[in-house]
Every structure is written in C-alpha cells, then in structure tokens.
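First the structure, in the form of structure tokens, and then the observations on it.
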Protein chains: 2
Amino acid sequence: MDQVEIFKALSNKTRLQILNWLKQPAENFPEQPNADFENVGVCVGQIQNKAGLSQSTISEYLSILQRADLVCATRVGQWTYYKRNKEGLEKLSEIINTEL
Amino acid sequence: MDQVEIFKALSNKTRLQILNWLKQPAENFPEQPNADFENVGVCVGQIQNKAGLSQSTISEYLSILQRADLVCATRVGQWTYYKRNKEGLEKLSEIINTEL
DNA sequence: TTGGTATATCGGGAAAAGTCGATATACATT
DNA sequence: AATGTATATCGACTTTTCCCGATATACCAA
C-alpha cells in the first residue's frame with residue numbers, strides 16, 4: 001500500500017471521525033440487532049446516520065479507508081459491516097516512527 | 001493545529017520524501033559550508049536540488065510542512081534552513097495511537 | 001548603490017478530491 | 001416473481017491540490 005494513499009485517506013474530517021468512532025463502537029453507535037460490534041463492526045447505514053452525509057459519499061469514504069488498509073469490511077446478508085483494521089493502523093504508526 | 005491539515009501535508013510523495021531526507025541529513029545531502037545539519041537543518045536550495053521540482057514548489061511545500069508543525073525553519077543570512085519538528089512528529093504519533 | 005543570490009509569494013492551468021442525486025446490484029421477504 | 005431494503009457505482013459539478021513561471025523581497029558583496 002502506497003504511503004501517500006494512506007495519508008490521503010486520513011486527509012478528511014469525516015473519514016477521521018469515522019475511524020475515531022470505530023475505535024469505540026458501543027459508545028458511538030446505537031445497539032445493532034443481529035451483529036456484534038466487536039466481531040463484525042458497524043454497518044454503513046449507522047455510520048451514514050452519524051456522519052450526516054449522503055449514502056453514496058459514505059460508501060465511497062469507507063472504500064477509501066478500506067483501500068488504505070485502515071478498516072476492513074464483512075458482508076453479512078444485505079449489510080456490510082466495517083471495523084478498524086488493527087494491522088494497518090499499527091503499520092501506519094510504524095511508518096511515522098521509523099521513516100518520518 | 002488541525003489534524004486534517006497534518007495529514008494533508010503528508011499526502012504528497014515529495015513532501016513525505018523531504019521529511020524522510022531530513023531524518024538523516026548527512027546521508028541525504030552534500031556537506032553545507034557554514035551550517036551544521038543538526039543545529040539548523042538543510043537549506044531550501046539543497047532540498048530543491050534533491051527533489052527536482054521548481055524552487056517555488058519546494059518553497060511552498062516546506063511552508064505547508066511548517067504550518068503542520070512537521071518541520072521548523074531558521075533564517076540565517078539569505079538562507080532558510082529547515083529541519084524536522086520533533087514535537088510535532090511525536091504529537092502525530094500520539095494522535096494515531098490514541099484516536100485512530 | 002548596484003548587482004547577485006536565496007527564498008517567498010502570486011497567478012494560472014491541469015489534475016484530483018469532495019459531494020451529491022440517480023441508478024445499479026445484491027440480498028431478503030412475501 | 002415482485003417488492004423492499006442496504007450498499008455500491010456512475011455522472012456531474014464545485015472546490016482543492018499540484019506544479020509551474022514570473023515577480024517580489026531579503027540579504028550580501030563590491
């Protein structure tokens with residue numbers, strides 16, 4: 001993954017917020033019926049509600065974050081759940097500590 | 001400093017390279033006559049030579065990095081020397097570890 | 001004070017990102 | 001099969017970023 005793409009993904013207020021919300025899903029989102037936050041993450045609709053931008057925008061933002069390995073997605077039925085990508089975030093931390 | 005501005009500053013290949021070069025000036029730049037890399041940093045002209053972009057572009061890039069607290073500048077005579085801003089970089093590392 | 005060098009700022013054209021509404025796709029339910 | 005819901009993709013428009021050349025500013029040397 002290109003480093004520049006990682007930082008571009010983070011260069012947007014809403015995307016930073018999403019990542020921050022996903023750090024503590026239980027604190028930031030209402031209970032989900034059939035899915036555990038810790039296992040699968042939070043579905044697109046909940047993130048969209050919280051962010052207040054259009055569905056298409058949030059869907060695209062999530063795929064930008066995913067391409068940067070900052071979140072990962074799981075499809076379950078008609079829902080796609082997103083959660084933090086721990087490995088990607090650790091790698092980012094390492095980049096900053098070793099290369100910058 | 002706005003977090004988004006920090007990540008925007010890092011969302012560019014050349015600016016990332018500059019920061020990386022400044023981590024080990026002695027390895028990345030030829031000797032400077034009247035200035036110690038460790039004390040004041042590297043002057044704009046040297047960075048421009050290495051980056052291969054126009055003088056105006058590099059000057060602007062450096063001020064973008066400075067506004068993001070990623071480098072700091074010292075003017076000495078007709079030269080401006082730039083070096084890493086250790087505090088800003090530590091703060092960035094902290095943001096990633098605690099908020100994302 | 002005149003000229004030379006280093007850096008900063010300005011103005012602009014091309015490319016990329018932000019954001020939307022409309023539409024497509026995928027799946028579930030009846 | 002038909003409808004409804006969740007998400008993804010497309011097309012368009014606006015704003016921002018990239019990067020340049022030209023010009024301004026600051027400082028130094030003769």
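We name chains A, B, ... by the order of the sequence lines, and we start the count at 1 in each one.
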- prompt: How many Å lie between CD on Q66(B) and P on dT9(C), as a whole number?
  reply: 10 Å
query: Residues in salt bridge (Lys or Arg N to Asp or Glu O under 4.0 Å) with K8(B), at least two apart?
result: E5(B)
field: Heavy-atom check, side chain of L92(A) versus side chain of F7(A), under 4.5 Å
entry: yes
- prompt: Taking only residues two or more places apart in sequence, or in another chain, which ones meet N49(B) in a side-chain contact (heavy atoms from CB on, under 4.5 Å)?
  reply: none
Length of the line joining Q48(A):CD and dT5(D):C1', which is rounded to integer Å: 13 Å
message: Rounded to whole Å, please give me the gap between CZ in F7(A) and P in dT17(D).
response: 17 Å
- prompt: Considering residues at least two apart in sequence or located in another chain, which fulfil the side-chain contact (heavy atoms from CB on, under 4.5 Å) criterion with L89(B)?
  reply: L100(A), L70(B), R84(B)
message: Below the 4.0 Å mark, does dA8(C) have OP1 or OP2 next to a side-chain nitrogen or oxygen of Y82(B)?
response: yes
message: If I take atom CD in residue Q78(B) and atom P in nucleotide dT7(C), what distance separates them, rounded to the nearest angstrom?
response: 8 Å
query: Where along residues 17-25 of chain A does a heavy atom fall under 4.0 Å from DNA chain C?
result: none
Pairs under 3.5 angstrom, nitrogen or oxygen only, protein versus nucleotides 18-20 of chain D, please.
| residue | atom | partner | partner atom | Å |
| --- | --- | --- | --- | --- |
| dC18(D) | OP1 | N12(B) | ND2 | 3.3 |
| dC18(D) | OP1 | R15(B) | NH2 | 3.3 |
| dC18(D) | OP2 | R15(B) | NH1 | 3.1 |
| dC18(D) | OP2 | R15(B) | NH2 | 3.2 |
| dC19(D) | OP2 | N12(B) | ND2 | 3.4 |
| dC19(D) | OP2 | Y61(B) | OH | 2.3 |
| dC20(D) | OP2 | S54(B) | N | 2.8 |
| dC20(D) | OP2 | S54(B) | OG | 3.1 |
| dC20(D) | OP2 | T57(B) | OG1 | 2.9 |

query: Would you say dA8(C) has OP1 or OP2 under 4.0 Å from some side-chain N or O of T80(B)?
result: yes
field: Length of the CD-P vector between Q46(A) and dA6(D), whole Å
entry: 11 Å
field: Any residue meeting salt bridge (Lys or Arg N to Asp or Glu O under 4.0 Å) with E90(A), in chain and number order, not counting sequence neighbours
entry: K86(A)
message: Distance check needed: dA17(C) P versus L10(A) CG, whole Å only.
response: 14 Å
- prompt: Listed by chain and number, what are the side-chain contact (heavy atoms from CB on, under 4.5 Å) partners of Q55(A), not counting sequence neighbours?
  reply: Q48(A), S59(A)
query: Rounded to the Å, how far apart are R67(A) CZ and dA16(C) C1'?
result: 13 Å
- prompt: Between L16(A) and V4(B), is any pair of side-chain heavy atoms under 4.5 Å apart?
  reply: yes
field: Rounded distance in Å - CH2 (W79(B)) to P (dC27(D))
entry: 13 Å
Contacts of N12(A) that satisfy side-chain hydrogen bond (donor to acceptor under 3.5 Å, both in side chains) - sequence neighbours left out: Y61(A)
- prompt: Which residue pairs pass the side-chain hydrogen bond (donor to acceptor under 3.5 Å, both in side chains) test with at least one member in residues 13-28 of chain B, sequence neighbours excluded?
  reply: none
